[in-house]
Amino acid sequence: MKMNNKNQMGRIALFAIALLLGLSGTVFAQQAEAVLDKASQKYKESNGISAVFNLQIRSKANQKAEVIEGSIQMKGDKFTLKTPQSYTWYDGATQWVYMEQTEEVNVSKPEGDELQFTNPVVLLNTYKKGFTAKYKGESTNQSGKKVFDITLVPKNRKSDISKIDLRIDKITNFPASITVTNKNGVSNTILISKLVTGVNQSASVFVFDQRKFPNAEIIDLR
């Protein structure tokens with residue numbers, strides 16, 4: 001069963017990505033890569049992260065943002081994502097998506113681009129392969145924190161994504177917000193808060209436990 005647009009946007013938003021000419025462009029690209037590489041390294045050293053976020057969805061037809069609150073736990077290439085509409089578990093190979101309204105669980109093995117749109121960590125680790133990075137400078141975000149501003153543009157012109165704007169916290173080196181702008185005019189902004197490192201979750205946290213959802217219908221898409 002296909003997921004509805006709201007839940008697709010929620011996943012696409014977790015995660016993020018201008019062509020630069022001349023010497024100055026190269027310098028800015030190097031600055032952007034240095035910031036993103038440091039963020040990636042900090043994540044690898046974090047030993048498990050837990051965070052709360054707000055997802056804001058805007059479209060050309062509706063400029064007033066739809067806001068969805070959620071939480072995420074991440075460790076290595078594993079994650080668990082929770083919103084009011086759904087739960088997602090990924091153990092590094094298999095993904096389970098439980099839909100609250102229909103009580104269905106879609107089981108799949110995401111690969112490549114699909115993983116980039118599901119797990120925000122994949123973007124930090126693989127952005128060089130699919131995106132061109134531009135360093136835009138420093139600014140202050142909504143919570144008053146100093147951040148690095150970086151824009152990522154897909155190298156594949158057929159991508160549905162127009163750009164991804166990242167704001168990396170200068171102190172923690174973790175993403176403070178991610179905005180994915182699609183060519184259809186829909187933008188998704190994730191504002192990250194209450195980030196805790198060193199959580200060291202057990203492997204079971206990232207696996208669907210059917211005992212907790214006894215009435216769920218399992219739909220195996222593998």
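Residue indices begin at 1 and follow the sequence shown.
To the nearest 0.5 angstrom, Leu36 atom CG is 10.5 Å from Phe148 atom CZ. Atom CD of Gln95 and atom OG of Ser108 lie 4.5 Å apart (nearest 0.5 Å). Rounded to the nearest 0.5 Å, atoms OG1 (Thr132) and CD (Glu33) are 9.0 Å apart. To the nearest 0.5 Å, the span separating OG on Ser193 from CZ on Phe53 amounts to 9.5 Å. Between atom CG of residue Leu81 and atom CE of residue Met74 there is a gap of 10.0 Å, rounded to the nearest 0.5 Å. The line from CH2 of Trp96 to OG of Ser86 is 15.5 Å long, rounded to the nearest 0.5 Å.
Between Lys183 and Asp160 no salt bridge is recorded (no basic side-chain N to carboxylate O distance below 4.0 Å). Ion pairing between a basic and an acidic side chain is recognised when a charged N comes within 4.0 Å of a carboxylate O; Asp165 and Arg167 show no such pairing.
The salt bridge (charged side-chain N to carboxylate O under 4.0 Å, His left out) check on Glu138 picks up Lys170, with sequence neighbours excluded. Judged as a ring pair (Phe, Tyr, Trp, His ring centres under 6.0 Å), and not counting sequence neighbours, the contacts of Tyr98 are Phe213. By the side-chain contact (heavy atoms from CB on, under 4.5 Å) test, Arg211 pairs with Asp209, sequence neighbours left out.
Lys42 places none of its side-chain heavy atoms less than 4.5 Å from the side chain of Thr172. Taking 4.5 Å as the limit, some side-chain heavy atom of Pro110 sits within range of a side-chain heavy atom of Tyr90. Counting only heavy atoms from C-beta outward, the side chains of Lys134 and Val153 never approach each other to under 4.5 Å.
What you find for Ser162 and Pro154 is that their closest heavy atoms are O-CD, 3.5 Å. Between Asp149 and Ser139, the closest heavy-atom pair is OD2-OG, 2.6 Å. Taking every heavy atom of both residues into account, Ile168 and Pro175 meet most closely at CD1-CA, 3.9 Å. Minimum interatomic distance between Val147 and Ala176 (heavy atoms only, all atoms of both residues): CG1-CB, 4.2 Å. The two residues Ile49 and Phe174 have their closest heavy-atom pair at CD1-CE2, 3.5 Å.
In this structure, the side chain of Thr189 does not engage the main chain of Thr179 through any donor-acceptor pair within 3.5 Å. When atom types are taken as modelled, the side chain of Asp91 and the backbone of Thr94 share a donor-acceptor pair closer than 3.5 angstrom. Within the 3.5 Å criterion, the main-chain N or O of Lys145 finds a donor-acceptor partner in the side chain of Asn141.
The hydrophobic clustering, which links ILVMFWY residues whose side-chain heavy atoms are closer than 4.5 Å, places Ile192 and Val52 apart. Under the 4.5 Å side-chain heavy-atom criterion for grouping Ile, Leu, Val, Met, Phe, Trp and Tyr, Ile72 is connected to Ile68 within one hydrophobic cluster.
Partner of Glu69 under the side chain to side chain contact (heavy atoms under 4.5 Å, CB included) criterion, out of Leu55, Asn54, Thr83: Asn54 alone.
Taking the six-membered ring for Trp, Phe208 and Trp89 have ring centres closer than 6.0 Å.
Annotation: Gln41, atom CD; neighbour count of heavy atoms from other residues, nucleotides and ligands within 6.0 Å is above 12.
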Val205/Ser202 under side-chain contact (heavy atoms from CB on, under 4.5 Å): CA gap, chis, key distance, verdict: CA-CA 6 Å; Val205 170; Ser202 65; 3.7 Å; yes
Do Phe79 and Thr88 pass the side-chain contact (heavy atoms from CB on, under 4.5 Å) test, and can you show the C-alpha distance, the side-chain angles, and the key distance before you say yes or no? CA-CA 8 Å; Phe79 73 94; Thr88 302; 3.8 Å; yes
Between Lys75 and Asn200, is a side-chain hydrogen bond (donor to acceptor under 3.5 Å, both in side chains) present by the stated rule, with each step listed? CA-CA 7 Å; Lys75 185 179 182 181; Asn200 195 24; 2.7 Å; yes
Test side-chain contact (heavy atoms from CB on, under 4.5 Å) on Gln85 and Glu100; report intermediate values, then the result. CA-CA 5 Å; Gln85 291 80 26; Glu100 188 82 34; 5.6 Å; no
Walk me through whether Val107 and Leu221 qualify under side-chain contact (heavy atoms from CB on, under 4.5 Å). CA-CA 6 Å; Val107 187; Leu221 304 176; over 6 Å; no
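One side chain, Gln201 or Gln73, offers a donor N or O that lies under 3.5 Å from an acceptor on the other. Looking at Lys146 and Thr140, their side chains do bring a donor and an acceptor atom within 3.5 Å of each other. Using a 3.5 Å distance cut-off with no hydrogens or angles, the side chains of Thr197 and Ser46 do not pair a donor with an acceptor.
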